[in-house]
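See structure below.
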Protein chains: 2
Amino acid sequence: MANEGNNSAEGTLTLGGYLASIRNDRKMTLRDVEEATEKGVSNAYLSQIENDKIKKPSPNVLHTLSELYSISFEGLMGMAGHVTSSGVTNDETRHGRAATFAEHNLTSEEEKELIEYLQFIRRNNDGA
Amino acid sequence: MANEGNNSAEGTLTLGGYLASIRNDRKMTLRDVEEATEKGVSNAYLSQIENDKIKKPSPNVLHTLSELYSISFEGLMGMAGHVTSSGVTNDETRHGRAATFAEHNLTSEEEKELIEYLQFIRRNNDGA
DNA sequence: ATTGCTTGCTTGACAAACTTAGCATGCTGC
DNA sequence: GCAGCATGCTAAGTTTGTCAAGCAAGCAAT
């Protein structure tokens with residue numbers, strides 16, 4: 001089976017993680033979002049999106065979420081891979097996943113803490 | 001007090017036992033903690049945590065407790081098993097320098113935990 | 001066209017986190 | 001004895017995220 005594009009190296013801050021962080025910022029539950037969008041996005045489906053189980057959520061869903069969260073629709077489209085490389089519309093999409101770090105507006109101190117935490121994770125590499 | 005003398009073995013100190021021992025050190029009651037955290041952790045719930053009835057208390061709760069007790073949040077996260085780090089990088093060991101998210105291969109679960117942690121950092125260090 | 005595969009998406013059920021209300025015991029003082 | 005209250009704990013319920021199963025539509029190939 002030609003399995004292209006599905007890089008197994010997950011772990012970058014992707015669309016799902018980004019959407020989850022924003023929902024946490026808004027202090028909403030999955031069902032809150034379902035209600036707020038008037039069933040525009042079911043809670044179970046949003047869960048799958050946030051865990052990157054869905055490769056490309058439809059522009060429809062992304063638009064609903066971008067409006068609810070008041071975030072950039074183009075950015076979501078870019079993260080989801082809907083925008084073709086030739087049709088990149090702004091620098092948010094250009095940066096892709098790595099740049100999402102910057103979207104959190106971390107101070108260097110915060111970043112340092114995060115890195116420490118990441119290394120702690122690494123150090124605790126135990127089977128169970 | 002039902003849980004006395006069951007955590008004498010150093011090697012098998014659980015999250016609950018650890019938290020209970022610290023609370024005893026601070027000479028606080030369950031309800032003291034509930035009030036000190038401004039209902040951040042209910043006394044009933046803390047009791048369940050200390051008796052290991054709850055497998056993985058949320059990062060939210062762990063952070064609240066780590067602040068109240070002035071102990072390591074990372075340590076609590078590790079004890080709680082929030083940090084699985086299974087299926088992370090093959091030991092490439094590229095954590096030589098502080099990097100961005102993109103250079104750390106996190107599972108989506110780890111990523112979500114990290115994001116929650118990020119929320120706490122921002123909530124605390126906020127204002128600037 | 002029809003089969004079969006893939007993928008977005010829904011509904012319903014489930015496990016676990018968390019809350020609320022209350023129990024049992026122990027400690028005071030009466 | 002008794003009331004009153006504090007402390008730890010639990011039973012039962014609610015909330016939250018996720019999984020399992022399935023439907024509908026698109027696409028490829030026979």
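Labels below follow one simple rule: chain letters A, B, ... track the order of the sequence lines, proteins then strands, and each chain is numbered from 1.
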Given atom [atom1] of [X] and atom [atom2] of [N], what is their separation to the nearest angstrom?
X	N	atom1	atom2	result
A/Gln48	D/dA21	CD	P	14 Å
B/Asn60	D/dT15	CG	P	18 Å
A/Leu30	C/dT11	CG	C1'	15 Å
A/Lys53	C/dT7	NZ	P	15 Å
B/Leu65	C/dA17	CG	P	15 Å
A/Leu46	C/dG8	CG	C1'	14 Å
B/Asp32	D/dA6	CG	P	11 Å
A/Tyr45	D/dA24	OH	C1'	13 Å

Looking only at the side chain of [X] (C-beta and beyond, no hydrogens), which of the listed nucleotides [options] gets closest?
X	options	answer
B/Arg31	C/dA16, C/dG22, D/dT18	C/dG22
A/Ala44	C/dA17, D/dC19, C/dC9	D/dC19
A/Val61	D/dC9, C/dC9, C/dA17	C/dC9
B/Ile54	C/dC9, C/dA17, D/dT16	C/dA17
A/Ser47	D/dG8, D/dG17, C/dC18	D/dG17

**Asked** Within the structure, does a side-chain N or O atom of A/Ser42 lie under 4.0 Å from either OP1 or OP2 of C/dC9?
**Response**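 A/Ser42 to C/dC9 OP1/OP2: no side-chain N or O under 4.0 Å.
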**Message:** Check this one for me: any side-chain N or O of B/Thr29 less than 4.0 Å away from OP1 or OP2 of D/dA6?
**Reply:**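 Indeed not, no polar side-chain atom of B/Thr29 lies that close.
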Return yes if some donor-acceptor pair links the side-chain N/O of [X] with the main-chain N/O of [Y] below 3.5 Å, else return no.
X	Y	answer
B/Arg23	B/Met28	yes
B/Thr64	B/Asn60	yes
A/Thr37	A/Val33	yes
B/Glu34	B/Ser42	no
B/Asp25	B/Ile22	no

**Asked** Hey, which of these two, B/Asn43 or B/Lys55, hits DNA chain C nearer its 5' end, going by closest nucleotide?
**Response**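 Checking each residue's closest nucleotide, the 5'-ward one belongs to B/Lys55.
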**Message:** Please determine whether any donor N or O and acceptor N or O are separated by less than 3.5 Å between the side chain of B/Asn51 and the base of D/dC9.
**Reply:**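 No, no donor-acceptor pair under 3.5 Å.
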